[in-house]
Amino acid sequence: MSNRKFYITTAIPYVNAAPHIGHALEFVQTDAIARYRKARGDGVGLVTGSDENSLKNVHAAEAKKITPAQLCEQNAEVFKKMGDRIGLSYTSFRRTSIQKDHWPGVHRLWELCAKAGDVYKKKYRGLYCVGCESFYEESELPDGVCPEHKTKPETVEEENYFFRLSKYQDRLEKLVESGELKILPATKKNEVLGFIKGGLQDFSISRSVTRAKGWGVPVPGDDKQIMYVWFDALGTYLTGIGYGTDEAQFNKYWPADVHVIGKGILRFHAVYWPAILLSAGLALPKTVFVHGYITVEGQKMSKSLGNIVDPFMLIDKYGVDPLRYYFLSEVPTFDDGDFSEKLLAEKNNSELGANVGNLVNRTMVFLTNNFAGEIPHGEPTGEDKAFLESQKAQYGKVAQALDELRLKDALDSAMAFSSSVNKFFQDSAPWKSVKEDRAKAAASLYVLANQVKDVAILMSPFLPNTSDSIFAQLGMEKKGWDDLGKLSVKPGHKIGKPQILFARIERKETQQKK
RNA sequence: AGCGGGAUAGGGUAGCUUGGAGUGCCCGCCGGGCUCAUAACCCGGAGACCGUUGGUUCAAAUCCACCUCCCGCUACCA
């Protein structure tokens with residue numbers, strides 16, 4: 001039906017710490033967009049992966065007495081598992097330390113930039129802490145000593161490759177200003193513009209092999225230098241769809257329609273990355289979607305506070321869809337949000353259970369008990385038709401919000417749709433009419449079953465498991481977006497067995513503290 | 001310090017461009033109704049000096065100025 005492609009990416013997390021709910025949030029947001037496009041019939045590519053070429057991994061591996069490759073293998077696996085469990089429908093999981101998949105593409109990218117005359121060698125001079133094995137700015141050093149080791153960094157000089165970012169200042173400014181490279185939300189666009197207007201300086205894109213401890217992607221034609229991790233990490237967006245390994249696939253998907261990122265890495269995506277692509281002569285991504293961070297009970301997640309929330313634990317405890325629902329409906333799409341288990345439970349019970357779960361259940365059970373589990377032959381009344389008509393406005397609302405990536409608004413509209421169906425159930429009162437006017441009850445249930453089917457479609461981007469379960473309960477194949485509003489659940493169709501979609505979460509007394 | 005964003009009922013948001021009764025949404029809370037359904041659904045209600053102060057105006061959440069408080073960015077650090 002559609003020949004359109006849609007290519008979306010998550011940022012690729014560092015693998016040197018366990019995934020937390022911030023990563024889970026990003027996966028869920030990305031996935032909701034991807035599933036929506038799929039439901040609309042687009043050919044969707046979703047690339048995620050892991051950023052493995054950092055020095056920290058070398059250190060962590062040393063501490064564990066294993067090789068960096070082994071460490072990355074283990075840690076990447078955890079992120080991949082998180083993606084799988086939370087329902088991230090990725091088409092490629094790109095690990096940056098896997099040579100055959102990733103390196104040919106980034107090598108080509110580098111070479112194209114070099115050919116454009118944008119890569120040059122320059123002496124870099126800075127304050128280097130041997131303990132940290134990294135450079136510091138003067139402003140980062142209280143009393144002139146390394147904050148961690150309390151030693152005075154030495155001045156070290158090293159020759160590195162630099163990227164001529166300054167050359168692209170004007171073009172970048174225009175691209176961002178005009179919205180040709182769209183940055184959402186607008187506040188982030190302003191930040192980027194402010195940064196660009198402040199003047200762009202060239203930045204280093206390589207490290208000495210010694211300093212990188214030999215770990216990372218080597219610079220083509222210079223085995224003394226390793227690529228700066230960001231240069232190769234950003235390259236994931238290209239190599240994930242076959243750049244350097246599968247040209248046909250690459251040409252089908254590139255450019256990216258959306259890069260989903262956290263606010264901490266905005267500059268890399270909205271300034272460095274487009275500049276690199278311009279240099280290499282590649283098309284630019286269309287949109288950079290910037291989400292916020294998650295606080296826990298009002299506090300920043302941090303190791304020292306010990307309040308890092310593990311997404312695996314939440315999934316085990318509450319299930320995938322309630323957690324996805326929390327991320328999409330409670331956390332502002334483009335802003336920071338707070339997480340609390342109490343609120344998760346509340347939303348599960350009062351929104352998911354009471355609205356969607358209850359609607360599906362009461363419809364299914366009613367059909368089972370009164371119509372032997374078969375969609376009845378009923379001719380919709382004038383009121384039924386008016387209701388169906390009035391519901392149509394919601395399809396557009398959900399779609400438009402999703403087209404603009406306003407996920408929370410879209411989900412709210414989908415919930416409002418479900419809510420209206422509940423209201424219709426109440427107003428039609430089939431439990432009365434089934435005794436007095438069976439034809440009327442039949443019509444109501446025929447309408448209700450079809451509306452429940454539409455709920456399943458509308459929820460599919462957000463709550464895929466719920467959506468699947470509703471289709472299973474209806475005893476039918478999954479339907480895409482273009483089935484919305486159609487009475488495709490036909491009279492005579494036999495439905496499946498009713499099932500509880502969202503178990504109530506009872507809060508335990510153990511929460512009490514004195 | 002500079003630049004940018006924000007302050008709307010117990011929580012979270014929309015409204016602000018193009019002033020017109022505090023208007024809306026998602027929850028929470030209280031009351032009533034109903035009963036097909038996951039003790040749910042429906043209806044109703046309480047709750048806001050729209051951050052402070054001042055100005056423009058017949059009229060300001062909305063425009064202007066000052067102030068207070070929060071947050072982000074200010075380069076090679078998710």
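Lettering follows sequence order; numbering is per chain, from 1. Note that this is a predicted model, so its numbers are computed, not measured.
- Ring geometry, A:F289 versus A:F334: the interplanar angle falls from 30° to 60°, so the pair is classed tilted.
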Close N or O pairs between protein and nucleotides 42-48 of chain B (under 3.5 Å):
unit_1	atom_1	unit_2	atom_2	d
B:C43	OP1	A:K423	NZ	3.2

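- Residue contacts for A:N358: at a heavy-atom cut-off of 4.0 Å it reaches a base atom on one of the strands shown.
- Here A:I261 lies out of heavy-atom contact (under 4.0 Å) with every strand.
- Counting only Watson-Crick and G-U wobble pairs whose two key distances fall under 3.5 Å, RNA chain B forms stems of three or more stacked pairs at B:1-7 with B:68-74, B:10-14 with B:23-27, B:29-33 with B:41-45, B:53-55 with B:63-65.
- Within the nucleic acid shown, A:F425 comes within 4.0 Å of at least one base atom, counting heavy atoms only.
- Within the 4.0 angstrom heavy-atom criterion, base atoms lie near A:G357.
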Salt bridge (Lys or Arg N to Asp or Glu O under 4.0 Å), that's the test. Do A:R324 and A:D31 meet it? Break it down for me. CA-CA 10 Å; A:R324 289 176 64 112; A:D31 185 62; 2.7 Å; yes
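- Between A:K317 and A:E341 there is a salt bridge, since a side-chain N of the basic residue sits under 4.0 Å from a carboxylate O of the acidic one.
- As judged by a 4.0 angstrom heavy-atom cut-off over every strand, A:F195 is placed among the base-contacting residues.
- Contact annotation for A:L266: no contact, since no heavy-atom pair falls under 4.0 Å across all strands.
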Give the intermediate values and the outcome of side-chain hydrogen bond (donor to acceptor under 3.5 Å, both in side chains) for residues A:N370 and A:R438. CA-CA 10 Å; A:N370 296 284; A:R438 199 168 164 84; 5.5 Å; no
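- Put simply, A:N361 has a side-chain N or O that comes within less than 4.0 Å of OP1 or OP2 on B:U38.
- Note on A:S204: a base of the nucleic acid sits closer than 4.0 angstrom, heavy atoms only.
- Between A:Y237 and A:W273, the angle of the ring planes goes over 60°, which puts this pair in the perpendicular group of the 30/60° scheme.
- No engagement by A:F231 is indicated, since no non-hydrogen atom pair under 4.0 Å with the nucleic acid exists.
- Distance OH (A:Y120) to P (B:C76): 15 Å, rounded to an integer number of Å.
- Between A:S329 and the phosphate of B:C26, there is no side-chain N or O to OP1/OP2 separation shorter than 4.0 Å.
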